[in-house]
Amino acid sequence: MRIGELAERAGVSTRTLRYYESRGLLPARRAVNGYRVYGDDDLRLVAQIRTLQESGFGLEETRPFVECLRAGHPAGDSCPASIDGYRQKLAELDALIDELRAVRDQVGERLVRAEAELPGGPEPSCELSHQPDHLNHRTRPSRPNRPRG
């Protein structure tokens, strides 16, 4: 198949495929007429890259999976280097989750402190009904119907 068909079937642009090629992730095979040609294995390869990217992997982080597929393995994650890639990504995600939890705890502490400093004690939780009338669309006076014309 040619580059346009691969792009359509893989759900990416031809520019993306050329970029993958320039990064060494997609083989650059050409027909005698100079057109790029691809097979179903290339479609699997592009699908693997896209799936990993949707899971948060950077393009370079997909390389072990691509190399695994190109080596003839049935799946891109059936090689030791791919398993290591998963482990590294999980460690990275766990670290990010820990950072977010710490930030959440800080914000929660600030909220408790700020509520305690309010005159008269903490306010009830913010709900639409506790907003000033000019912000509460349920208490806004309705406009009289005016004839159009």
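All values below were derived from every heavy atom in this structure, side-chain atoms included, with hydrogens, water molecules and symmetry-related copies excluded.
- Taking 4.5 Å as the limit, every side-chain heavy atom of Leu43 sits out of range of all side-chain heavy atoms of Tyr38.
- Sorted pairs that involve residues 4-58 and meet disulfide bond (SG atoms under 2.5 Å apart), not counting sequence neighbours, are lacking altogether.
- Interatomic distance, Cys79 SG to His73 NE2, rounded to the nearest 0.5 Å: 3.5 Å.
- Here the shortest heavy-atom pairing between Pro27 and Asp42 reads CG-OD1, 3.3 Å.
- Heavy atoms from other residues, nucleotides or ligands lying under 6.0 Å from CZ of Arg101 number 12 at most.
- Atom OG1 of residue Thr62 and atom CZ of residue Arg50 lie 10.5 Å apart, to the nearest 0.5 angstrom.
- Enclosure of atom CD in Gln53 by more than 12 non-hydrogen atoms of other residues, nucleotides or ligands within 6.0 angstrom is indicated.
- Note: the hydrophobic cluster containing Leu52 does not contain Leu93 (ILVMFWY, side chain heavy atoms under 4.5 Å, direct or indirect links).
- Looking at Met1 and Val37, their side chains never come closer than 4.5 Å, going by heavy atoms from C-beta outward.
- Rounded to the nearest 0.5 Å, atoms CG (Leu69) and CG (Leu45) are 5.5 Å apart.
- Put simply, CG on Leu26 and CD1 on Ile49 are 6.5 Å apart, with the number rounded to the nearest 0.5 Å.
- Judged by distance alone, with hydrogens and angles left aside, the side-chain atoms of Ser82 form a donor-acceptor pair with the main-chain N or O of Gly76 at under 3.5 Å.
- Of the charged side-chain nitrogens involved, at least one lies within less than 4.0 Å of a carboxylate oxygen, so that Glu5 and Arg9 count as a salt-bridged pair.
- The environment of CZ in Arg2 is sparse: at most 12 heavy-atom neighbours from other residues, nucleotides or ligands sit within 6.0 Å.
- Residues satisfying the ring pair (Phe, Tyr, Trp, His ring centres under 6.0 Å) criterion with Phe57, sequence neighbours excluded, are Phe65.
- Contacts classified as salt bridge (charged side-chain N to carboxylate O under 4.0 Å, His left out) and involving residues 63-82 (residues at least two apart or in different chains) are given here: Glu60-Arg63.
- Formation of a donor-acceptor pair under 3.5 Å by the Thr51 side chain with backbone atoms of Ala47 is found in this model.
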**Request:** Starting from the C-alpha separation in whole Å, work towards a yes-or-no answer on side chain to side chain contact (heavy atoms under 4.5 Å, CB included) for Tyr19 and Leu25.
**Result:** CA-CA 9 Å; Tyr19 182 69; Leu25 294 169; over 6 Å; no
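- Taking the charged nitrogens against the carboxylate oxygens, Glu92 and Lys89 do have a contact shorter than 4.0 Å, which makes a salt bridge.
- With values rounded to the nearest 0.5 angstrom, Ile3 atom CD1 is found 5.0 Å from Leu17 atom CG.
- Between the Glu61 side chain and the Gly58 main chain, a donor and an acceptor come within less than 3.5 Å of each other.
- Side chains of Pro64 and Asp84 form no contact here, defined as non-hydrogen atoms less than 4.5 Å apart.
- Counting heavy atoms from C-beta on, the side chains of Glu99 and Val103 never come closer than 4.5 Å.
- A single hydrophobic cluster is seen to contain both Leu59 and Leu6, as judged by linkage of ILVMFWY side chains at heavy-atom distances under 4.5 Å, directly or through other members.
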**Request:** Determine, stepwise, if the pair Arg18 / Arg36 fulfils side chain to side chain contact (heavy atoms under 4.5 Å, CB included).
**Result:** CA-CA 10 Å; Arg18 287 186 196 98; Arg36 290 173 172 88; 3.6 Å; yes
